[in-house]
Amino acid sequence: MMTKIARDRPVITVVNVFTVEPENQQRLIDLLIKAINVAIRHMPGYVSANLHKSLDGRNVVNYAQWRSQEDIDTMMKDGTVQELMQDVQKLATAASQLYQVVYTDEVFQRPPTTAQPLPRVGSA
């Protein structure tokens, strides 16, 4: 099942931005996938995790959803999670923030349009 991003979902979104040297980006991704599969996905309140890698190789972003902040706090205190994240911390620095979805839009949500494309800059 795919992650659903919607205002009406009762979730807390965690956005983790990991900064890493480009030569370690894939190793970091592999460690995060291991942590998710071994421990995090089995924690109470876990909904989803989505890893994104920057094209320049310097960042990995995890867009994760949880049912509550309390579930996130419990996960962060879990010994297995802490142990798995030690290797992540050796490779990257992380900045995390909690969010609530307030607006979404995608082309599939809108009715078809007959609008013409915008003219290119400098054209008539």
K.L.:
Answer with yes or no whether the hydrophobic clustering places I33 together with V17; edges join I, L, V, M, F, W, Y residues whose side-chain heavy atoms lie under 4.5 Å apart.
P.N.:
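Different hydrophobic clusters.
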
K.L.:
Could you check whether any side-chain heavy atom of L98 comes within less than 4.5 Å of a side-chain heavy atom of Q69, counting everything from C-beta outward?
P.N.:
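Counting from C-beta outward, L98 and Q69 do come under 4.5 Å.
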
K.L.:
If hydrophobic clusters are built from ILVMFWY residues whose side chains come within less than 4.5 Å, do V38 and I36 share one?
P.N.:
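Not linked; separate clusters.
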
K.L.:
Would you say T104 and R7 make side-chain contact, with heavy atoms under 4.5 Å?
P.N.:
no

K.L.:
Under a 4.5 Å side-chain heavy-atom rule over Ile, Leu, Val, Met, Phe, Trp and Tyr, are I5 and Y99 clustered together?
P.N.:
yes

K.L.:
Take a 6.0 Å sphere around CD of E23 and say whether it holds more than 12 heavy atoms from other residues, nucleotides or ligands.
P.N.:
yes

K.L.:
State the CD1-CD1 distance between I72 and I40, to the nearest 0.5 angstrom.
P.N.:
11.5 Å

K.L.:
Extract all donor-acceptor atom pairs below 3.5 Å that involve side chains of residues 47-67 and protein atoms in other chains or at least two apart in sequence.
P.N.:
unit_1 : atom_1 : unit_2 : atom_2 : d
S48    : OG     : T3     : OG1    : 3.3
S48    : OG     : Q65    : OE1    : 3.2
N50    : OD1    : T3     : OG1    : 3.1
N50    : ND2    : T3     : OG1    : 2.9
N50    : ND2    : Y63    : O      : 3.0
S54    : OG     : D56    : OD1    : 2.7
S54    : OG     : G57    : N      : 3.4
S54    : OG     : R58    : N      : 3.2
S54    : OG     : N59    : N      : 2.9
S54    : OG     : N59    : O      : 3.2
D56    : OD1    : R58    : N      : 2.9
N59    : ND2    : F18    : O      : 3.3
N59    : ND2    : T19    : OG1    : 3.3
N62    : OD1    : N50    : N      : 3.3
Q65    : NE2    : K4     : O      : 3.1

K.L.:
Run the side-chain donor-acceptor check on residues 79-86: report pairs under 3.5 Å with partners two or more places apart or on a different chain.
P.N.:
unit_1 : atom_1 : unit_2 : atom_2 : d
Q82    : NE2    : M76    : O      : 3.1

K.L.:
To the nearest 0.5 angstrom, please state how far the NZ atom of K77 sits from the CG atom of D73.
P.N.:
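CG of D73 is found 5.5 Å from NZ of K77.
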
K.L.:
Spell out, yes or no, whether L91 and L32 are grouped together once hydrophobic residues are joined by side-chain heavy atoms under 4.5 Å, including indirect joins.
P.N.:
yes

K.L.:
Quick one: does V20's side chain get under 4.5 Å of Q25's, heavy atoms only?
P.N.:
yes

K.L.:
By the side chain to side chain donor-acceptor pair (under 3.5 Å) test, which pairs, at least two apart or in different chains, include something from residues 28-38?
P.N.:
Q26-D30

K.L.:
Spell out, yes or no, whether V88 and V14 are grouped together once hydrophobic residues are joined by side-chain heavy atoms under 4.5 Å, including indirect joins.
P.N.:
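V88 and V14: one cluster.
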
